[in-house]
Number of protein chains: 2
Amino acid sequence: MRDAKTPDPARRNERSREAILNAAVELVGEVGYARLTVEAIAARAGVGKQTIYRWWSSKGAVVLDAFIAWSGAGGDTSLPDTGDIEKDLRAVLRATVAELREPRFDLPSRALTAESQMDPELAKQFVDAVLRPHLEATKERLRGAQKAGQVAKGIDLDVAVELLFGPLYHRWLLRTAPLTEAYADTVVDYALRALGPSEPAGARTPNAPGKRAPKGARKGGAA
Amino acid sequence: MRDAKTPDPARRNERSREAILNAAVELVGEVGYARLTVEAIAARAGVGKQTIYRWWSSKGAVVLDAFIAWSGAGGDTSLPDTGDIEKDLRAVLRATVAELREPRFDLPSRALTAESQMDPELAKQFVDAVLRPHLEATKERLRGAQKAGQVAKGIDLDVAVELLFGPLYHRWLLRTAPLTEAYADTVVDYALRALGPSEPAGARTPNAPGKRAPKGARKGGAA
DNA sequence: AGCTGACGGAACGGAACGTCTCGTCGACCC
DNA sequence: GGGTCGACGAGACGTTCCGTTCCGTCAGCT
């Protein structure tokens with residue numbers, strides 16, 4: 001006669017758990033998050049509604065878990081380190097853009113970002129599980145660049161990371177202009193100008209001609 | 001015997017319109033957007049539900065109009081121009097931070113941003129009515145700075161604007177760290193390093209000592 | 001004076017919500 | 001191997017809110 005209300009994880013049905021998560025990703029892709037219902041997930045998964053409510057607190061929580069499982073979070077988020085910070089950052093930002101453009105990634109991410117605005121609990125989990133690892137990995141790479149002298153010493157690396165990802169998310173969320181890889185390149189370009197060492201006259205990275213302003217990168221903008 | 005379904009704006013009851021908008025802002029503040037219902041707005045406004053559905057297509061549309069009316073959009077969004085781009089940008093970003101920290105602004109903005117992720121129609125209106133004017137004004141100010149030689153010639157001003165606001169929105173929406181005025185200052189600082197002329201050795205703005213790294217601005221970050 | 005159409009109010013069917021109650025079934029304990 | 005426990009699938013339940021439809025009233029126009 002305890003509190004009578006805490007389910008026992010040891011007795012949880014793994015089969016049902018997976019079926020629910022699978023149904024959730026499928027349905028988000030098919031009808032979108034807004035029209036997604038717990039009842040539909042239960043039906044698709046061949047599961048009682050209560051089994052969902054027993055283990056998750058809300059539709060958002062299910063979708064978050066489903067998204068984490070599907071996107072294989074927990075994998076290696078660390079950046080490549082070629083020694084060339086510009087090259088590495090460009091790779092990451094381009095990859096981010098590519099992800100954000102893919103519907104299977106775009107739709108749940110948008111939904112979770114939106115839902116996070118109204119559910120602080122979900123927000124924390126979403127940021128910590130999905131976003132933070134990427135930001136942290138980028139910060140780590142920047143720290144390396146800082147030690148190598150490619151990034152100025154005084155720079156606040158948290159701000160530096162947001163200087164890179166902020167513009168991307170801004171454009172993605174608000175759709176003020178198309179989100180392209182060229183845009184990512186331009187952002188990297190500008191951000192590195194901000195972060196680079198305070199330039200003792202012309203000493204900004206070996207200064208190979210054409211390196212600073214890559215071919216088509218400039219036209220990332222135009223609202 | 002026309003299509004039978006287009007209401008006549010000339011016969012619209014202005015009193016009801018205002019009552020609805022007022023009720024909407026009040027209720028968003030009291031119960032939040034998620035728990036806000038059209039029925040509650042109608043009741044509070046002393047209005048039939050149909051009167052709301054006649055003039056607005058969704059809860060989001062009502063809240064958007066209410067927010068626009070309440071925030072006095074359409075006012076002058078143009079930036080001050082003191083001739084000092086850093087000073088002017090710092091004023092704008094600080095003001096933006098202040099707004100985003102005020103609940104009366106924060107709550108509806110979050111709700112509309114979230115809702116925009118699921119309603120492209122609403123998204124467009126929101127961005128165009130609320131956001132775009134500010135971005136455009138900032139871009140205009142940057143154009144002036146560009147002509148004055150405080151911003152490099154080749155810079156894409158659309159990207160420049162997002163380099164400023166992107167980090168702010170990123171931190172505001174995702175709550176990765178506290179959104180402070182010091183953070184705004186740091187962002188302005190870094191952004192201007194990126195945008196400034198390509199510095200013919202030490203020529204980065206007159207270089208008054210302590211100007212580049214304002215007192216407490218550095219500690220805007222730390223996740 | 002007679003129309004017209006927006007109004008406040010209320011009732012409606014329908015969709016999901018989240019809770020609750022069944023009977024079943026598998027895992028563990030004596 | 002019989003008994004206990006609790007998660008399970010199924011689905012009924014009351015509730016809330018949706019968006020629509022009807023009604024009688026009322027103000028402005030012709």
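Naming convention: chains lettered A, B, ... in sequence-line order (proteins, then strands); numbering from 1 in each chain.
Between A:Asp185 and A:Arg94 there is a salt bridge, with a side-chain nitrogen of the basic residue lying less than 4.0 Å from a carboxylate oxygen of the acidic one. Using a cutoff of 4.0 Å between basic side-chain nitrogens and carboxylate oxygens, B:Asp189 and B:Arg193 are scored as salt-bridged. A salt bridge links A:Lys139 and A:Asp158; the closest N-O separation between the charged side-chain nitrogens and carboxylate oxygens is under 4.0 Å.
The A:Trp55 side chain lies nearest to D:dA7 when the options are D:dG19, C:dA6, D:dA7. Here the nucleotide nearest the side chain of A:Asp8, chosen from C:dC7, D:dA7, C:dT19, is D:dA7. Comparing D:dG9, C:dA6, D:dT20 by their closest approach to the side chain of A:Val47 singles out D:dG9.
Within residues 15-40 of chain A, the residues approached by DNA chain C to less than 4.0 Å at the level of any non-hydrogen atom are A:Thr37, A:Val38, A:Glu39, in residue-number order.
With rounding to whole Å, B:Ile41 atom CD1 is found 14 Å from C:dG8 atom P. The separation between B:Glu14 atom CD and C:dC7 atom P is 11 Å, rounded to whole Å. Atom CD1 in A:Ile52 sits about 16 Å away from atom C1' in C:dC20, given to the nearest Å. Straight-line distance from the OH atom of B:Tyr53 to the C1' atom of D:dC22: 17 Å, rounded to whole Å. Look at CZ on A:Arg12: it is 7 Å from P on D:dC8, rounded to the nearest Å.
Between D:dG19 and B:Trp56, no contact under 4.0 Å exists linking OP1 or OP2 to a side-chain N or O. Residue A:Thr51 has a polar side-chain atom (N or O) positioned under 4.0 Å from OP1 or OP2 of D:dG9.
In this structure, B:Arg17 fails the cation-pi test against B:Trp55, since its NZ or CZ atom is not both closer than 6.0 Å to the six-membered ring centre and inside 45 degrees of the ring normal. B:Tyr183 carries B:Arg171 over the face of its six-membered ring, with the cationic atom under 6.0 Å from the centre and within 45° of the normal.
For a distance-only test at 3.5 Å, the side chain of B:Lys49 qualifies as a donor-acceptor partner of the base of D:dG19. Residue side chain A:Gln50 does not reach the base of D:dC8 through any donor-acceptor N/O pair under 3.5 Å, judged by distance alone.
Nearest-nucleotide positions on DNA chain D place B:Lys59 closer to the 5' end than the other of B:Arg11 and B:Lys59. Between B:Ala42 and A:Ser57, the residue anchored closer to the 5' end of DNA chain C is B:Ala42, taking for each the nucleotide with the nearest heavy atom.
Between B:Phe67 and B:Phe126, the ring centre distance reaches or exceeds 6.0 Å.
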Practice problem: Apply the test salt bridge (Lys or Arg N to Asp or Glu O under 4.0 Å) to residues A:Arg44 and A:Glu30: give CA-CA distance (whole Å), side-chain angles for both, the deciding distance (0.1 Å), then the verdict. | Solution: CA-CA 12 Å; A:Arg44 172 77 60 106; A:Glu30 291 173 24; 2.9 Å; yes
